[in-house]
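This structure is a prediction, so every number in the text was calculated from the model and none was measured. Counting begins at 1 with the first residue of the sequence.
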Amino acid sequence: MLRSGRVLLAKSGSVAALFSALLLMSFDMCAQDSAAVEHMISRIASIHRSKDASYFFNSDSIPEVVLKQMIDGTLDGADGRMRIENFIADRGEYYELGCDVSSKNTPTRKFLFGQRFNRELLFFYLHGGFGTHMHVVHVSIFELLSISSFVTLRNCSTVEDLKLDYRPPLDSIWLDMPLVEPDGLRVLHNVPYERGDLF
């Protein structure tokens with residue numbers, strides 16, 4: 001046990017044994033983490049490929065509580081004063097693509113499209129700034145609200161097509177898999193995995 005910053009060992013114990021135990025605990029936690037991330041990636045792929053998932057093309061389809069939680073997880077919304085309409089623009093609305101934001105009221109995110117599957121949502125949006133990138137967000141709406149977020153730079157040509165302000169036919173927005181990879185993880189089941197902008 002730990003007391004005053006010192007490790008106290010049992011008589012039969014040793015520094016090596018304690019180190020081994022801590023190492024095994026660390027590996028076990030990493031394995032659980034890794035399995036949870038892989039499960040989420042698999043879930044995202046499954047929803048995106050499902051023929052039973054319905055599409056939506058407007059951010060109004062995302063519950064307000066989800067958007068507010070996302071705003072709280074951003075650097076520019078951490079003070080609690082950002083409104084939803086200043087957070088994300090819908091298709092056809094103006095958003096700031098570059099780093100030079102002329103006004104705090106100008107959204108730097110642009111909604112692309114989403115999918116609904118039972119009580120799960122999967123949606124995609126562009127985030128402008130230093131290196132425009134795409135976010136993929138999974139939301140599970142059961143007893144507890146669970147939000148997971150990944151950043152991806154994949155599928156750039158498709159993303160460029162989606163930036164145009166027209167609704168593409170559904171068969172043209174099937175993005176190549178994998179949509180996301182473990183190193184793009186920002187939030188998993190409401191738990192941040194990065195410092196700074198999570199959304």
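Nearest approach of Ala89 to Pro107, heavy atoms of both residues: N-CB, 3.8 Å. A pairwise comparison of heavy atoms in Met82 and Ile71 identifies CB-CG2, 4.0 Å as the closest pair. Contact detail for Phe56 and Arg116: the closest heavy-atom pair is CD2-NH2, 3.9 Å. A pairwise comparison of heavy atoms in Arg186 and Asp197 identifies CD-O, 4.1 Å as the closest pair. The minimum heavy-atom distance linking Leu121 with Pro63 is given by the pair CD1-CD, 3.5 Å.
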- Message: Applying side chain to side chain contact (heavy atoms under 4.5 Å, CB included) to Met40 and Phe150, what does each step give before you reach the verdict?
- Response: CA-CA 10 Å; Met40 178 52 65; Phe150 288 82; 3.7 Å; yes

- Task: With ring-ring contact (aromatic ring centres under 6.0 Å, His included) as the test, would you mind laying out the steps for Phe124 and His48 before giving the verdict?
- Result: CA-CA 11 Å; Phe124 303 74; His48 188 57; 5.5 Å; yes

- Item | Stepwise side chain to side chain contact (heavy atoms under 4.5 Å, CB included) check, Val66 with Glu64 | CA-CA 5 Å; Val66 172; Glu64 189 173 307; over 6 Å; no

- Message: As a quick check of understanding, evaluate side chain to side chain contact (heavy atoms under 4.5 Å, CB included) for Ile147 and Leu145, giving each step before the final call.
- Response: CA-CA 7 Å; Ile147 303 177; Leu145 182 70; 4.3 Å; yes

- Kindly determine whether Val187 and Ser148 satisfy side chain to side chain contact (heavy atoms under 4.5 Å, CB included), including the steps that lead there. CA-CA 5 Å; Val187 179; Ser148 300; 5.6 Å; no

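Asp52 is listed as a side-chain neighbour of Phe117, based on a closest heavy-atom distance under 4.5 Å. You'll find the side chain of Ile41 reaches within 4.5 Å of the side chain of Pro182, heavy atoms only. Side-chain contact check for Phe87 versus Met70: some heavy-atom pair is nearer than 4.5 Å. The closest side-chain heavy-atom distance from Leu188 to Ser149 is not below 4.5 Å. Side-chain contact between Ile44 and Leu122 is present, with heavy atoms from C-beta onward closer than 4.5 Å. In this structure the side chain of His133 never reaches within 4.5 angstrom of the side chain of Leu126, judged on heavy atoms. For the pair Ser140/His138, a side-chain contact is recorded, criterion being any heavy-atom separation below 4.5 Å from C-beta on. Within the 4.5 Å cutoff, side-chain heavy atoms of Val139 are placed close to those of Val137.
Aromatic ring orientation, His135 versus Tyr125: parallel (interplanar angle below 30°, classes split at 30° and 60°).
Distance OG/Ser59 to CD1/Ile84: 8.5 Å, rounded to 0.5 Å. Separating the CG atom in Asp60 from the CG atom in Asp90 is a distance of 6.0 Å, to the nearest 0.5 Å. Within the model, atoms CG of Leu198 and CG of Asp72 stand 10.5 Å from one another, a figure rounded to the nearest 0.5 Å. Note that CZ of Phe123 is 4.0 Å distant from CD1 of Ile62, once rounded to the nearest 0.5 Å. A distance of 11.5 Å separates CD1 in Ile88 from CZ in Phe199, rounded to the nearest 0.5 Å. Between the CD atom in Glu181 and the OG1 atom in Thr152 there is a gap of 7.0 Å [rounded to 0.5 Å].
Counting heavy atoms of neighbouring residues, nucleotides and ligands inside a 6.0 Å radius, atom NE2 of His39 does not exceed 12 of them.
Salt bridge present: Glu120 and Arg43 bring a charged side-chain N and a carboxylate O closer than 4.0 Å.
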